[in-house]
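Remarks on the structure that follows.
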Amino acid sequence: MVKKFRFNNPIATYAVVKDIECEKGALSYFTHNNNAFSYTMSDTTAVYGLGEAVRGINKRGWIYEGYCSDDPCHTEDKRSLYGAHNFLIIDDKNAGGDRFGVFFDYPTRITFDIGYTKQNELVVSVDKPNIDIYIIEGDTLRDIVRNFREIIGQSYVAPKWALGFMQSRWSYFTKDDVERIADSYSDADIPLDAIFLDIDYMERYKDFTIHNERFPDFENFVSYMKQKGVRLVPIIDAAVKVESGYDVYEEGVKNNYFCKGDDNKDYIVGVWPGKAVFPDFLNQDVAKWFGDKYKMLTDMGIEGFWNDMNEPAIFYSEKGLEKAFSQVDSYKEMSLDANTYFDCRDSFSKLSNSQFDYNNFYHNYNGKKIKHNDVHNLYGYFMTKSAQESFERNCPDKRILMFSRASYIGAHRYGGIWTGDNHSWWSHILLCLKQMPSLNMCGFVYSGCDMGGFNGNCTRDLLLRWLSLSIFTPLMRNHSACGTKDQECFAFENTSDFKNIVDLRYRLIPYIYSEYMKAVLSDDMYIRPLSFDYENDEIAKAVEDQLMVGESIMIAPVYTQNANGRYVYIPEDMIQLRLNGDSTISESEIKKGHHYIDIPLNEVVFFIKKDHCIPLCDSAKNIESLDYNTIKLYGNGKSYELYDDDGFTKAPDLSKTKTILK
Ligand code: MIG
């Protein structure tokens, strides 16, 4: 069902874990010409996949790049975001055409022109044709995903508490700030499982340090907060501050653990801490060394991390800065014209994340000196791998939460991802909705976006609507940038409306955890486009703003300002569940077809498939306090297959699933 085609001499990525022999014949489906692989689509062909990307669930009509990019403005004109997820499904089966999946395993920039230059041409191109291409077949779209996921290995399993609601901000500066957030949630009676620590918990942005004035006696504070029911999740940045006396820096220098320039000296960049260096995560000794550093925090009771800035993000490099200063110097005495003025201005503004830098430092990968840009997409992936492998060694008895900003397929075995710096825009609720199923195809099941939006100011109505989507994503975290308006649920009027919806998340946990675990353990998708469940339904195929969540639920969130409801396509007779403003739930039948559904701001509506049932329990202050004895089944099915475990076990076992009858 999977065929592997090798072109020339690819650099190993370890994305695929299954041994597959290379085919001798010509590449299936595509024609190949130098650096380009082409496929002709028909008018009805749909193209799915690409994980974290802008635009539709059906990716046709734009040009994308697989190239990890630190880009804080996720508009439609962008070609790449933080992850490079080069898996596509091409589907024209209903019209008698092809249906297959294809994975382009390539560690640096790759371009997917999907009907952008020519409406019916799909052209995938690379700079150097050293590449492995996998063609994945299967009867159904879901089979194709399962067959693909089987070769890339089982997705990371998050601890159960990480399915709770989590609050973040850049930054909660002090321990008092953190405690105030927890207390305000508890005063508003809104459940909460974790609070995130952004870069300011560190001493001058140095990884694996704690700012002692802001967080005195950190270890006690971690356990004090855990007693309150809230876990703390610190950030770790990719770059290490250059500072004599700082152990991480000094050990790295001594052992040659940092990426080098072509002069074989440590390549110096500027990021949060000022001058900094990049641990060479591609080198196994470095990965082990850096991974073991997390132990300082896990020893203090920390059970989760988020890895940031690992595309890697670069503000400037010493070399780049030197160039910029001398360029600007040369403009000093000139009368700047249309060209020179903009060049002068860009000397600095184009310093960040530049090709100049990505081409100027090197890794020691499998014993070879390799230019960063040739393996660019592996950097964040190997950082996450280094962390997760250290947890296996140092915390073998429990699951540690780990999610990353940059990623490549393969990284899904070691952690989840969040979708980075979105905006508090209505259109970004919809963007998140479209990213989720595509990420599931690529193995990133534990994923979510910054609920409420990272950049910009969030309003009450936006957050309420965003919540109604995010209560269904495994990672459910409210996060926002420094300088933005307060975005915690209690920062807005009538917190009871927020409580009502967050409570629903907790009431749904028996279902969400069960479905999440079943998906992960059987290489399946937890969130799917409608077309994956209703393959022969041409209307469902075109729906881009509704999703299937787990085996039994369909959601249709509101994502427009001032709407009181929306049109929903019901692909078969279903049961409509409505969370009312007074936190009661009502059930009613709804027939196949198009319906306008009223959805007031403080209500949530979703749908249960015919002959299916879902379990809901009573809400509680956090995941650990949920009482499954309160489970009731909703829907018109007869039973539900519930998976549950202690939420920490490293050996989750689907055979423990039990049937609960209605
Ligand atoms: O350059 O750590 O995407 O979530 O709050 C910004 C500060 C660096 C980017 C992350 C964001 C985080 C922020 N970081």
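Remember, predicted model here, so these are calculated numbers, not experimental data. Ligands are counted one by one from 1 in listed order, and the atoms in each one are counted from 1 as well.
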Please could you name the atoms of ligand 1 that I199 approaches to less than 4.0 Å, counting only its heavy atoms? 2 (O)

Look at the side chain of N478 and the backbone N and O of Q487, then say whether any donor-acceptor pair between them is shorter than 3.5 Å. yes

Within the 4.0 Å heavy-atom shell around H479, which atoms of ligand 1 are there? 4 (O), 5 (O), 11 (C), 12 (C)

Under 4.0 Å from any heavy atom of M309, which atoms of ligand 1 are there? 1 (O), 8 (C)

Would you check if the side chain of K621 reaches a backbone N or O of K228 as a donor-acceptor pair within less than 3.5 Å? yes

Answer yes when D497 and R460 have at least one side-chain N-carboxylate O distance shorter than 4.0 Å, and no when they do not. yes

How does D70 reach ligand 1, by side chain, by backbone, by both or by neither, if only non-hydrogen atoms under 4.0 Å count? neither

Looking only at protein heavy atoms, which one is nearest to atom 6 (C) of ligand 1, and how far off is it? W272 CZ2, 3.5 Å

Would you check if the side chain of R465 reaches a backbone N or O of T560 as a donor-acceptor pair within less than 3.5 Å? no

Below 4.0 angstrom, N of the basic side chain to O of the carboxylate: do E318 and K265 qualify? no

Is a donor on one side and an acceptor on the other found under 3.5 Å between the side chain of H479 and the backbone of M166? no

Could you tell me whether D421 and ligand 1 have an N or O pair separated by under 3.5 Å? yes

Ligand-residue contact atoms, ligand 1 with W418, heavy atoms, under 4.0 Å: 3 (O), 4 (O), 10 (C)

Near D198, which atoms of ligand 1 are under 4.0 Å from a heavy atom of that residue? 2 (O), 5 (O), 7 (C), 12 (C)

Starting from the C-alpha separation in whole Å, work towards a yes-or-no answer on ring pair (Phe, Tyr, Trp, His ring centres under 6.0 Å) for Y14 and Y408. CA-CA 10 Å; Y14 307 99; Y408 183 77; over 10 Å; no

Distance (rounded to the nearest 0.5 Å) between I471 CD1 and Y506 OH: 12.0 Å

Please check whether D308 reaches ligand 1 - meaning an N/O of the residue sits under 3.5 Å from an N/O of the ligand, judged on distance alone. yes

Classify the contact between F315 and ligand 1 as side chain, backbone, both or neither, using a heavy-atom distance cut-off of under 4.0 Å. neither

Enumerated ligand 1 atoms positioned under 4.0 Å from heavy atoms of I235: 2 (O)

